[in-house]
Enquirer: 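Please read through the structure below; I'll follow up with questions.
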Amino acid sequence: MDACIFCLIRDGKIPAKRVYEDDQAVAFEDTNPQAPTHVLVIPRKHVSSLNELEPADEALVGHLFSVGRKIAQERGIHGTGWRAVINTNRDAGQTVFHIHLHVLGGRSMRWPPG
Ligand code: 5GP
Ligand code: ZN
């Protein structure tokens, strides 16, 4: 998926402020942060959205949440609270079609989300 912006970030072909990576996932700062901490965690594997998830990907998605928790701990927001969000398709506001977990925190948030 050469046209996918997050595949290009994964491959280092366009720059991003990486904060974590391992054999399954890459995490980097969102360029338009919505909270003091706003990190995106992506699987190295290109999966367009949760709608395309296959049973074999279950552990991979679980891993994204583990990376999110690690980042929240490093940022010192695991105690105060943080939000993990995966937007899927139009009504949820998905704009990049490579699964990404938003890790948001560092401020008080409202519910329900807008
Ligand atoms: P979505 O709306 O699909 O859930 O989230 C896409 C997110 O990717 C947005 O928060 C947006 O700011 C972020 N984003 C879009 N393009 C780039 C980019 O080139 N680099 C980085 N670091 N973030 C991006
Ligand atoms: Zn991709």
Side-chain angles (χ1 to χ4, degrees):
M1 286 296 264
D2 275 355
C4 170
I5 194 160
F6 286 176
C7 283
L8 292 170
I9 287 175
R10 174 201 63 203
D11 295 342
K13 290 180 178 159
I14 63 170
K17 282 192 197 166
R18 289 178 183 234
V19 299
Y20 176 86
E21 62 187 302
D22 61 28
D23 59 334
Q24 294 181 79
V26 179
F28 49 89
E29 303 281 354
D30 196 295
T31 45
N32 183 23
Q34 302 301 310
T37 289
H38 190 173
V39 170
L40 304 175
V41 186
I42 65 166
R44 287 190 182 275
K45 178 183 176 185
H46 180 94
V47 180
S48 302
S49 82
L50 289 180
N51 287 344
E52 282 72 41
L53 207 62
E54 294 170 1
D57 299 323
E58 282 179 13
L60 181 58
V61 171
H63 183 66
L64 302 182
F65 284 87
S66 289
V67 172
R69 183 200 60 209
K70 186 182 179 66
I71 290 163
Q73 281 175 332
E74 283 171 3
R75 300 292 171 99
I77 57 171
H78 60 299
T80 48
W82 58 288
R83 189 170 283 179
V85 175
I86 299 179
N87 294 319
T88 301
N89 268 354
R90 185 195 60 199
D91 279 358
Q94 185 177 8
T95 57
V96 178
F97 286 81
H98 178 136
I99 285 182
H100 48 284
L101 180 74
H102 294 260
V103 174
L104 297 147
R107 67 168 172 82
S108 180
M109 287 177 226
R110 290 180 296 278
W111 190 263

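Whatever order the structure lists ligands and atoms in, that order sets their numbers, starting from 1. Just the heavy atoms: all of them, side chains too, but no hydrogens, waters or symmetry mates, feed the values below.
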Enquirer: Select one of side chain, backbone, both or neither to describe which atoms of Leu40 lie under 4.0 Å from any atom of ligand 1, heavy atoms only.
Expert: side chain
Enquirer: Nearest 0.5 Å, please: how far is CG in Leu40 from CD in Glu29?
Expert: 9.0 Å
Enquirer: Can you report which non-hydrogen protein atom sits closest to atom 10 (O) of ligand 1, along with the distance?
Expert: Asp30 OD2, 2.5 Å
Enquirer: Considering Val96, Ile14, Asn32, which one's heavy-atom position lies nearest to atom 15 (C) of ligand 1?
Expert: Val96
Enquirer: Can you list the atoms of ligand 1 that are under 4.0 Å from a heavy atom of Ile9?
Expert: 20 (N)
Enquirer: Locate the shortest heavy-atom distance separating Gly105 from Ile77; write the atom from each residue and the value.
Expert: CA-CD1, 3.8 Å
Enquirer: If we only consider heavy atoms of His100, is any one of them less than 4.0 Å away from an atom in ligand 1?
Expert: yes
Enquirer: Report the nearest protein non-hydrogen atom to atom 3 (O) of ligand 1: residue, atom name, distance rounded to 0.1 Å.
Expert: Thr95 N, 2.7 Å
Enquirer: Listed by chain and number, what are the salt bridge (charged side-chain N to carboxylate O under 4.0 Å, His left out) partners of Asp57, not counting sequence neighbours?
Expert: Lys45
Enquirer: Indicate yes or no for a side-chain donor-acceptor contact from Gln34 to the backbone of Asn32 under 3.5 Å, with no hydrogens or angles considered.
Expert: yes
Enquirer: Tell me, please: is Ile86 in heavy-atom contact with ligand 1, that is, under 4.0 Å?
Expert: no
Enquirer: Taking the six-membered ring for Trp, is the centroid-to-centroid distance between His98 and His100 below 6.0 Å?
Expert: no
Enquirer: How far is atom 14 (N) of ligand 1 from its nearest protein heavy atom, and which residue and atom name does that atom have?
Expert: Thr31 OG1, 3.8 Å
Enquirer: State, to the nearest 10 degrees, the angle whose vertex is the Zn ion (ligand 2) and whose arms point to SG of Cys4 and SG of Cys7.
Expert: 120°
Enquirer: Nearest 0.5 Å, please: how far is CD1 in Ile42 from CG in Leu60?
Expert: 10.5 Å
Enquirer: Between atom NE2 of His46 and atom CZ of Arg10, what is the distance when rounded to the nearest 0.5 Å?
Expert: 9.0 Å
Enquirer: Restricting to ring-ring contact (aromatic ring centres under 6.0 Å, His included), what partner residues turn up for Phe28, sequence neighbours left out?
Expert: Phe6
Enquirer: Can you report which non-hydrogen protein atom sits closest to atom 16 (N) of ligand 1, along with the distance?
Expert: Ile5 CD1, 4.2 Å
Enquirer: Strictly under 4.0 Å, does any heavy atom of Phe6 approach an atom of ligand 1?
Expert: yes
Enquirer: Run the contact test for Lys17 against ligand 1 with a 4.0 Å cut-off on heavy atoms, strictly below, and give the result.
Expert: no
Enquirer: What's the separation between atom OG1 in Thr88 and atom CZ in Phe97, rounded to the nearest 0.5 Å?
Expert: 9.0 Å
Enquirer: Looking only at distances, please establish whether an N/O atom of ligand 1 is found under 3.5 Å from an N/O atom of His38.
Expert: no
Enquirer: Closest non-hydrogen protein atom to atom 22 (N) of ligand 1, residue and atom name please, with distance?
Expert: Glu29 O, 2.9 Å
Enquirer: Which atom, counting only N, O or S, brings His98 closest to the Zn ion (ligand 2)?
Expert: ND1
Enquirer: Answer yes or no for Gly93: is there a heavy-atom contact with ligand 1 below 4.0 Å?
Expert: yes
Enquirer: Name of the His46 N, O or S atom nearest the Zn ion (ligand 2)?
Expert: ND1
